[in-house]
J.: 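Take this structure, written in structure tokens, and hold onto it; I'll ask about it next.
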Amino acid sequence: MTALGDLIDIDDGTVLVLGRELDLAHDQPDVGNALVHRAGETLMVVDTGVTAAFRAALRTAADRVGPWSRALVLTTHGHPDHVGNNDLADELGVPVEHYVPARDLDQMRDPESYWVRSFERIAWAAPLPAPALAAKVVSLFEPMRPFAATTRTYEELPLELIRIGSLRFTGWTFADGAVRVLRSQGHCAGHVIVHLGDCGVLHLSDEGNGACGAMYDADQVKIQTVLGAVARLFEEGEASILTDGHTFALRRGAEAVSHLDGLLEQATALQAAALGLTGGNGRVRPSAFTGRYAQAVADGGVGGANPNPMFTAMMALNELGELGLRPEPGDDADTPWSRPALRQEGSP
């Protein structure tokens with residue numbers, strides 16, 4: 001049994017700081033795991049979670065891996081459970097840099113609008129109107145401080161071609177190449193993953209949050225592509241320890257590959273199930289489809305960071321989109337989805 005802020009020592013210079021699960025029924029925010037790592041004289045903090053208790057755990061982990069004379073804070077993506085303590089960068093007492101993905105800046109500045117857009121799509125499954133629900137959810141993460149005095153976007157730096165084994169990525173390197181920030185952009189628009197070459201850790205953050213991305217700005221192809229690429233890194237020995245944003249454990253070597261393959265197998269199984277659930281004519285109402293899809297998720301043992309009806313409904317809509325269905329014209333969130341005609345009416 002783990003608790004918020006528990007520390008898992010990976011080696012003398014690397015610590016995984018454990019977060020916790022979301023519990024909307026008890027107004028408990030989820031907290032993403034963080035990595036604290038020292039490369040030479042540089043302290044690196046990958047994500048800062050949220051809550052004062054988690055902030056204190058980050059400081060304990062930073063002291064544990066010391067000494068260090070400069071710091072680097074890296075944000076994997078802009079969701080509240082990963083950015084709430086970003087101003088910790090201002091309190092480290094050494095020269096510090098902080099980087100965030102440019103494509104997530106809007107949601108970091110205005111998280112309520114981001115969640116309104118997500119919840120509007122599933123009005124039939126939400127317990128409150130989207131604006132009220134978004135305000136309630138975001139309030140769970142207060143105080144949220146996503147920016148520090150030194151915050152910049154990764155995209156202000158020259159984009160690099162990064163070779164790791166037989167694979168090629170684009171992204172940015174830090175600490176003389178010891179830290180590689182790789183663009184993935186699957187879980188949400190700006191997402192990055194982090195490879196610590198000197199200790200073999202690959203931090204997937206939230207790219208491994210279940211077999212289907214739930215957010216409106218998720219990209220299923222990118223999620224699946226990065227899962228396959230990371231599995232390859234483990235098979236080639238370029239990574240040896242897998243960590244992520246919401247699994248409270250380490251996965252090593254073959255276990256990591258098996259886990260990643262399992263996510264990909266679940267993704268294909270879910271899409272096959274979704275195809276069957278749309279019926280012969282491929283026209284469905286999201287509310288009806290979601291109920292059947294939720295059963296397929298349960299039958300398949302599919303997990304994820306936030307196993308609750310709202311996130312399952314968000315996943316269901318993304319599955320419909322992956323099958324090529326689109327919402328028919330109308331203002332109702334539960335308007336039927338169907339396949340667009342291949343030819344315009346009257347065309348040969």
J.: More than 12 non-hydrogen atoms from neighbouring residues, nucleotides or ligands closer than 6.0 Å to CG on Asp12, yes or no?
T.: no

J.: Mind checking who shares a hydrophobic cluster with Leu196, ILVMFWY linked at side-chain heavy-atom distances under 4.5 Å?
T.: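 When side chains under 4.5 Å apart are linked, the cluster holding Leu196 also contains Ile8, Ile10, Leu16, Leu18, Leu35, Met44, Val46, Leu72, Leu74, Tyr99, Tyr154, Leu157, Leu159, Trp172, Phe174, Val179, Val181, Val192, Val194, Val201, Ile241, Phe248, Leu250.
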
J.: Is a side-chain donor-acceptor pair under 3.5 Å present for Thr75 with His98?
T.: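 There is such a pair between these side chains.
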
J.: Take Asp11 and Arg38 through the salt bridge (Lys or Arg N to Asp or Glu O under 4.0 Å) test and state the conclusion after the steps.
T.: CA-CA 10 Å; Asp11 60 24; Arg38 179 173 57 84; over 6 Å; no

J.: Among residues two or more places apart or on two chains, list those pairs meeting salt bridge (charged side-chain N to carboxylate O under 4.0 Å, His left out) that have a residue in residues 239-256.
T.: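 Residue pairs passing salt bridge (charged side-chain N to carboxylate O under 4.0 Å, His left out), neighbours aside: Asp244-Arg251.
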
J.: Do you reckon Val116 sits in the same ILVMFWY cluster as Val137, going by side-chain contacts under 4.5 Å, direct or chained?
T.: no

J.: What residues, two or more places apart in sequence or in another chain, satisfy ring-ring contact (aromatic ring centres under 6.0 Å, His included) together with Phe119?
T.: Trp115

J.: Looking at CZ of Arg59 and CD of Glu91, how far apart are the two atoms once the value is rounded to the nearest 0.5 Å?
T.: 6.5 Å

J.: I'd like to know if the side chain of Asp206 pairs up with that of His77 as donor and acceptor (distance under 3.5 Å, no hydrogens or angles considered).
T.: yes

J.: What pairs of donor and acceptor atoms, side-chain ones from residues 161-168 against any protein atom, are under 3.5 angstrom apart with sequence neighbours left out?
T.:
from: Ser166; atom 1: OG; to: Arg232; atom 2: NH2; distance (Å): 3.4
from: Ser166; atom 1: OG; to: Glu236; atom 2: OE1; distance (Å): 3.4
from: Ser166; atom 1: OG; to: Glu236; atom 2: OE2; distance (Å): 2.4

J.: Mark yes when over 12 heavy atoms from residues, nucleotides or ligands other than Asp27 sit less than 6.0 Å from its CG; otherwise mark no.
T.: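 Yes, CG of Asp27 has more than 12 neighbouring heavy atoms, counting only those of other groups under 6.0 Å.
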
J.: Partners of Tyr293 by ring-ring contact (aromatic ring centres under 6.0 Å, His included), sequence neighbours excluded?
T.: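 Result, ring-ring contact (aromatic ring centres under 6.0 Å, His included) vs Tyr293: Phe289.
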
J.: Kindly write out the residues that satisfy side-chain hydrogen bond (donor to acceptor under 3.5 Å, both in side chains) with Thr170, not counting sequence neighbours, or none if the list is empty.
T.: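 In terms of side-chain hydrogen bond (donor to acceptor under 3.5 Å, both in side chains), with neighbours along the sequence ignored, Thr170 is linked to Arg183.
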
J.: Answer yes or no: is there an ion pair linking Arg20 with Asp6, defined by an N-O contact shorter than 4.0 Å?
T.: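 A salt bridge is absent here (no side-chain N lies under 4.0 Å from a carboxylate O).
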
J.: Please list, chain by chain and in numerical order, all residues satisfying salt bridge (charged side-chain N to carboxylate O under 4.0 Å, His left out) with Glu328, sequence neighbours excluded.
T.: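 For Glu328 the salt bridge (charged side-chain N to carboxylate O under 4.0 Å, His left out) partners, ignoring immediate neighbours, are Arg283.
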
J.: How far apart are the C-alpha atoms of His246 and Asp81, what are their side-chain angles, what is the distance that settles it, and do they pass the side-chain hydrogen bond (donor to acceptor under 3.5 Å, both in side chains) test?
T.: CA-CA 10 Å; His246 294 278; Asp81 53 318; 3.0 Å; yes

J.: Taking NZ, NE, NH1 and NH2 as the nitrogens, is one of them in Glu238 or Arg180 under 4.0 Å from a carboxylate oxygen of the other?
T.: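 Looking at Glu238 and Arg180, the cut-off is not met.
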
J.: Got a sec, which residues hit salt bridge (charged side-chain N to carboxylate O under 4.0 Å, His left out) with Arg292, two or more places apart in sequence or on another chain?
T.: none

J.: List the residues meeting side-chain hydrogen bond (donor to acceptor under 3.5 Å, both in side chains) with Asp332, not counting sequence neighbours, and say none if there are none.
T.: none

J.: Could you tell me which residues satisfy side-chain hydrogen bond (donor to acceptor under 3.5 Å, both in side chains) with Ser69, sequence neighbours excluded, listed by chain and number?
T.: none

J.: Looking at every non-hydrogen atom in both residues, tell me the closest pair between Met315 and Ala214 and how far apart they are.
T.: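 Closest heavy-atom pair between Met315 and Ala214: CG-CB, 3.8 Å.
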
J.: What's the shortest heavy-atom distance between Pro111 and Met144, and which atoms?
T.: CG-CE, 3.5 Å

J.: For Gln28 and Glu21, indicate whether the former's side chain and the latter's backbone hold a donor-acceptor pair under 3.5 Å.
T.: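 Pair found, side chain donor or acceptor close to backbone of Glu21.
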
J.: Tell me whether Gln271 contacts the main-chain N or O of Glu319 through its side chain, where contact means a donor paired with an acceptor under 3.5 Å.
T.: no

J.: Are Val50 and Val17 connected into the same hydrophobic cluster when the rule is that any two of I, L, V, M, F, W, Y join if their side-chain heavy atoms are below 4.5 Å apart?
T.: yes

J.: Show your reasoning for whether side-chain hydrogen bond (donor to acceptor under 3.5 Å, both in side chains) applies to Asn33 and His203.
T.: CA-CA 10 Å; Asn33 299 333; His203 188 62; over 6 Å; no

J.: In terms of hydrophobic clusters joined by side-chain contacts under 4.5 Å, are Leu264 and Leu275 together?
T.: no

J.: Under the criterion salt bridge (Lys or Arg N to Asp or Glu O under 4.0 Å), I'd like the reasoning laid out for Asp9 against Arg64: C-alpha separation, chi angles, the key distance, then a yes or no.
T.: CA-CA 9 Å; Asp9 292 313; Arg64 183 174 294 190; 3.0 Å; yes

J.: To the nearest 0.5 Å, what is the distance between CG on Asn318 and SG on Cys212?
T.: 5.5 Å

J.: Would you say Thr153 and Glu156 are linked by a side-chain donor-acceptor pair, where the criterion is simply a distance under 3.5 Å?
T.: yes

J.: Ignoring hydrogens and geometry, is there a side-chain-to-backbone donor-acceptor pair from Ser118 to Met215 under 3.5 Å?
T.: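 No, Ser118 side chain to Met215 backbone: no donor-acceptor pair under 3.5 Å.
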
J.: Would you please name every residue forming a salt bridge (charged side-chain N to carboxylate O under 4.0 Å, His left out) with Asp219, sequence neighbours left out?
T.: none

J.: What orientation do Tyr114 and Tyr216 show, parallel under 30°, tilted 30 to 60°, or perpendicular over 60°?
T.: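 Geometry flag for Tyr216 against Tyr114: tilted rings.
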
J.: How close do Gln224 and Ala267 get, heavy atom to heavy atom, and via which atoms?
T.: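 The answer is NE2-CB, 3.9 Å.
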
J.: Quick one: list whatever passes side-chain hydrogen bond (donor to acceptor under 3.5 Å, both in side chains) with Asp110, sequence neighbours left out.
T.: Ser113

